[in-house]
Structures are given as C-alpha cells and as structure tokens.
Amino acid sequence: MSSWSTSVENLWLWGAVPALALAGVVLLALLRFAPFTRLPEALRAVRAPAAGAGSPPVTGVFLGAAASLGAGAAVAGATAVALGGAGSLAWLWLFGIVLAPLRVADVLLSRTSPPGRAKGEPAGHLVGRLEADASPAMRGLGVALLVAIVLAGTVGVLAVHGGAVRDVSEAALPGSGLGLGVGVAVVGGGIALFGRDKAWLGWLAGGAVVALLLLAFVACLVDPSRAGASLFRAIEDAISGASASGAFSGALSAEVALAAFTFVLPPLVLTLGTDGALHAETRGNTKAVASVALLSTLAHVVVATVVGLSLLATGAFARRVDGERRLDETTFVDAPFDTASQRLESERLWTGYLRILEGRPQAEPFEGATERGMIDDTRFVLPNGDQGNFALRVRRGRAVLMLVPDDAGALQQADPSRLREVRVTGRMLPRSGTLLVAAMTRVGGDVVVRLALAILLVLCAVGAGAFGIALARMLERRLGKNPARGVALAPAAAIALACVLGANPSTLPALSALGLAAAALVAIVSAVALLAKAVEASRL
C-alpha cells in the first residue's frame with residue numbers, strides 16, 4: 001500500500017494541485033476576481049424567489065455545499081488539523097479563492113451554447129457543453145470529464161465520504177459504523193430518486209449545513225480566546241510551521257501544506273464539474289446564477305473553518321485519548337520526542353526485534369509514536385480482539401516482518417499483509433472522527449457527540465443524493481431517464497460499500513487510494529477543460 005499511497009500523493013502534488021492553481025489563477029484574472037467582485041451580486045441573487053417553475057437560487061447553493069461537505073470535509077479537516085494545526089485553515093482559504101472562479105465558469109458555460117450552435121436548450125451541465133462543441137478536442141474532454149465525474153461519484157465518494165461516515169460513527173458509537181452507514185446510503189439513495197426539483201431538499205440541505213456551523217461555533221465558545229488566536233495565527237503557521245502544543249509535537253510548513261493537500265483539498269474538488277447540473281433548474285439571469293455558485297464554496301470554507309477552530313479551541317487536537325492505529329501507521333523510537341525537530345532526528349528511529357507477549361512489547365528502550373506525538377501504554381491487538389503474541393522485525397522505526405508462533409511455539413514468518421491487520425492501542429493524539437468526538441465531548445458530553453453525529457450523517461445523505469441527482473442529469477441524454485436514475489444511486493451505494501468493507505484492513509485502504517486518485521483525476525480534467533474555455537467564459 002505504501003507505493004499506492006505514494007503514487008496518489010504524487011498525482012495530487014504534481015498533477016491536481018498545479019492544474020487547479022493554473023486554471024484558478026487564469027480564471028480569477030479573466031473573471032475580474034469573481035470571489036470578491038461578484039459576491040454582492042451573489043448575495044442579492046440568492047435572496048430572489050424562483051421564477052416560474054424553477055428552483056430558488058439558494059437550493060443550488062445548499063446542494064452544492066452539502067455535496068462537498070458531506071461527512072468527509074469535517075473528518076478530513078480534523079485529520080489535517082491533527083497533522084498541521086491551525087496552518088491547515090490558511091490553505092483552506094486559499095483553496096476556496098482558487099476554486100471559486102472555476103465554479104463560476106462551470107455555471108456560465110453550462111447555461112449557454114457553444115458559439116455557432118445555439119439551436120435548442122443549453123445542456124445545463126459542463127459535460128454537455130463540451131460535447132456540443134465543434135472542436136473534436138473539446139468533445140474528447142467532455143467524455144473524459146464525464147468518466148472522471150462518474151469515478152468521483154463512486155470510488156471518490158467511497159474514499160472521501162464513505163470512510164468518514166464509518167470513522168465518525170465508530171468513534172461516537174462503537175459498533176454502529178455498518179448500520180449507520182447503510183442507513184445514510186438508504187436515505188441518500190431515496191433523495192437521489194425522489195428529491196429532484198423538490199423544494200424541501202434545498203431546505204433540508206440548508207438546515208444540515210447551518211446546524212453544523214452553529215454546533216461548531218458553540219464549540220468555539222469553550223475557549224473563544226484560543227479560537228480567535230488560532231484564526232489569526234493560521235497564516236503564520238502555514239508559512240513558518242506549527243509550534244508544539246501539549247502532546248502535539250508541532251509541524252513544519254511543508255508538513256502543514258502536505259496535510260492540507262491530502263485531506264482538505266479532496267472534498268472541495270470532488271464535486272468539480274457538477275455545479276452546472278446542480279444549478280440547472282435555477283431560473284434567472286445566467287450571470288446572476290453563476291455568481292450564486294460562489295456561495296457553495298464560501299459556505300464550505302466557512303463551515304470547515306469553524307469546525308477546525310472548534311478542534312483548536314477545545315484543545316482536543318493536542319490531548320491524548322484512548323485510540324488505535326494500524327501497525328503500519330505506527331513508528332517505533334528509542335527515545336520520546338517533544339518537538340518537530342526532535343521527531344525528525346533519524347537516530348531516534350528504533351531498529352531490532354520486538355517480542356509481543358499478552359499484547360505488551362518486551363523491549364527497552366522502546367516507544368510507540370503516531371504522526372505527531374507519542375503513544376502511552378502501548379498494546380498490540382489482533383483482528384479478533386485477542387492480545388498479541390508474536391514478534392516483529394523493526395527497521396528504522398517501521399515494522400517490516402512479522403513472526404507468529406506455530407503449534408510447537410516456534411516463531412515462523414507470517415504473510416506481510418498481516419502487518420496491516422494488527423492494531424496498536426494506547427493513549428495517543430486523536431485524528432479524524434476520534435478528534436471530532438473528543439472535541440464534542442469537551443463541549444457537552446455524549447449528548448453533543450450524538451447531535452454532531454446526527455448532523456454529519458444527514459449532511460452526508462443529502463450530499464450523496466445531490467451528487468446522484470447531478471450524475472442523473474448528465475447521463476439522461478446518453479442513457480435515458482430510467483438508467484440515469486439508476487446511476488444516481490451510485491454515491492449512496494459507495495457509502496454503504498465503504499461501511500461494509502470498513503472492517504477489512506486491506507481492501508478498504510486500496511479502494512480509498514483509488515478514490516483519492518479519482519478525485520485528483522476530476523480535478524485535473526475539470527481544470528484543463530475550464531482553462532481551455534476560460535476566455536469564452538469571461539465573455540459571457
């Protein structure tokens with residue numbers, strides 16, 4: 001899996017990020033700094049009632065926000081904060097500024113026809129706009145974009161939102177991941193089939209987005225001064241790195257950036273290319289509706305920022321809790337570290353054989369560590385819950401070989417895949433769903449934890465349904481209405497599949513890596529398509 005993860009990471013760093021940056025900067029200039037200059041128009045237009053039989057503009061805004069936020073934005077953002085501290089928020093703001101003009105251009109193009117081909121109604125989505133173009137290259141880009149969006153709506157949703165649903169459900173209510181995940185999938189599938197063009201869907205999406213924002217804001221009130229300081233410190237931390245805080249050893253600026261690219265960016269870009277489809281039923285002036293598309297990204301950035309601040313305000317990101325990691329995610333050192341510079345000292349990495357008896361390591365000196373902090377009371381647990389009885393060969397801090405006793409008690413080499421099956425438990429810094437639960441517990445105990453879980457599950461169900469509706473609109477002309485409605489179930493089914501496979505320590509990581517690759521692919525193809533049409537979009 002390490003080679004897979006490295007390949008996906010490189011695809012993001014050297015493919016998706018440069019493509020998005022180039023397209024975003026070009027469109028930012030050509031659309032005259034739309035995130036700022038078009039914002040007043042967007043706020044006026046979003047308050048306008050629907051014209052005729054169309055949907056009100058606010059429906060498209062909340063559907064777009066729900067589709068990108070889901071559960072993945074909160075859980076992935078929690079991991080980014082766990083790895084990079086407040087500096088991750090500064091990268092989130094930059095991503096919002098870069099991606100907003102891409103969404104404006106998407107809607108502008110989706111609601112118009114290519115030059116010289118004005119017969120009939122516009123396609124209503126970017127794929128159809130590209131496929132109607134006179135240029136074979138543009139039509140090819142349209143097909144590539146459709147394939148990328150379908151992949152994003154399946155394995156991409158599985159990786160970004162499906163894994164997040166299981167993660168936060170298990171952290172809040174152990175043993176509930178499968179049941180709650182399937183429930184989210186059923187509701188999301190129902191929304192995809194029966195929620196199209198329904199006014200209540202916009203209100204449901206808006207209610208879930210606002211509820212998450214309010215709950216995160218209340219969490220910030222646990223220590224408003226710390227939340228405010230984190231907000232103002234975010235840019236400095238992104239540039240110079242995060243300092244040590246509590247059990248958190250700090251992060252270098254490159255580590256902060258990598259955490260943001262890997263976790264904060266995928267939920268934001270997963271829905272690129274679908275904005276036109278989500279706003280297809282909005283009646284009104286094309287420029288005004290395109291301006292309204294800004295607000296989906298703005299809502300995502302605001303909600304994710306306040307959620308991130310709540311993790312910092314409660315101090316949950318820097319306090320150890322009972323948790324677990326896979327063995328292949330754990331580092332072994334012979335001396336504990338307190339700062340980022342100490343953590344990077346290669347001479348601390350432990351090498352040798354480690355015997356595990358009744359779950360406990362039999363070696364001194366020995367310390368277990370996660371990405372940014374130490375593990376107290378380290379134990380090794382097998383997939384069936386039994387305490388470990390085996391030996392490990394550790395090289396430069398990583399377990400590379402596992403030896404298990406045979407019937408006679410002699411140690412024999414085990415299959416390397418078993419290294420991913422062993423869990424390391426103890427007191428450690430939380431991340432992802434565990435960090436969200438730790439923060440909400442500090443706000444108000446189990447009641448607030450369950451409220452936060454309910455909001456995230458509703459938001460994810462609505463987001464999956466909205467993504468499915470967008471897919472159906474894109475595929476109707478190609479497949480017909482009923483087959484397209486079947487494809488609309490794909491995002492919800494992906495969430496259910498992630499929760500079914502969540503207990504498998506080898507299959508889900510592989511599919512998650514594939515899903516993140518699909519998200520990077522949709523980012524690259526969308527950026528290339530919108531860059532190719534940037535001048536045309538600026539004239540609309």
Under the side-chain contact (heavy atoms from CB on, under 4.5 Å) rule, what do T59 and L201 come out as? Steps first, then yes or no, please. CA-CA 8 Å; T59 297; L201 181 56; 5.8 Å; no
Going by the side-chain contact (heavy atoms from CB on, under 4.5 Å) test, name the single residue among V321, T79, L429, D322 that passes it with T434.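 Result for side-chain contact (heavy atoms from CB on, under 4.5 Å) with T434: V321.
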If we ignore hydrogens and angles and just use 3.5 Å, is the side chain of [X] paired with the main-chain N or O of [Y] as donor and acceptor?
X	Y	answer
Q342	D338	yes
E324	G426	no
S88	A260	no
T297	G96	no
R396	L349	no
S310	V307	yes
R319	A247	no
H161	G72	yes
R431	A82	no
E255	L252	yes

Might you work through the side-chain contact (heavy atoms from CB on, under 4.5 Å) test for L204 and F62, ending with a clear yes or no? CA-CA 9 Å; L204 180 60; F62 282 129; over 6 Å; no
Take L295 and V58 through the test side-chain contact (heavy atoms from CB on, under 4.5 Å) and record every step on the way to the result. CA-CA 9 Å; L295 300 181; V58 71; over 6 Å; no
Going by atom types only, do W93 and T305 share a side-chain donor-acceptor pair under 3.5 Å?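 Judged by distance alone, the side chains do pair up.
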Just checking, is any N or O donor in the side chain of R32 or T37 under 3.5 Å from an acceptor N or O on the other one? no
Of all the heavy-atom pairs spanning L453 and A172, show the shortest one and how long it is.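 Closest heavy-atom pair between L453 and A172: CD2-CB, 3.9 Å.
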Give me each pair satisfying salt bridge (charged side-chain N to carboxylate O under 4.0 Å, His left out) with a member in residues 226-246, each pair once, sequence neighbours excluded.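 Every salt bridge (charged side-chain N to carboxylate O under 4.0 Å, His left out) pair that includes a residue of residues 226-246, provided the two are not neighbours, is D223-R226, R233-D237.
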Side chain to side chain, I455 and L451, heavy atoms closer than 4.5 Å: yes
Would you check if the distance from the ring center of W91 to the ring center of F261 is below 6.0 Å?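 Yes, the ring centres sit under 6.0 Å apart.
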Would you please name every residue forming a salt bridge (Lys or Arg N to Asp or Glu O under 4.0 Å) with R320, sequence neighbours left out? D376
Using 0.5 Å steps for rounding, measure from the [atom1] atom of [X] to the [atom2] atom of [Y].
X	Y	atom1	atom2	result
E367	D334	CD	CG	9.0 Å
L521	L272	CG	CG	11.5 Å
T370	R343	OG1	CZ	9.5 Å

Mind running side-chain contact (heavy atoms from CB on, under 4.5 Å) on T330 and F380 for me, showing each step along the way? CA-CA 11 Å; T330 306; F380 296 79; over 6 Å; no
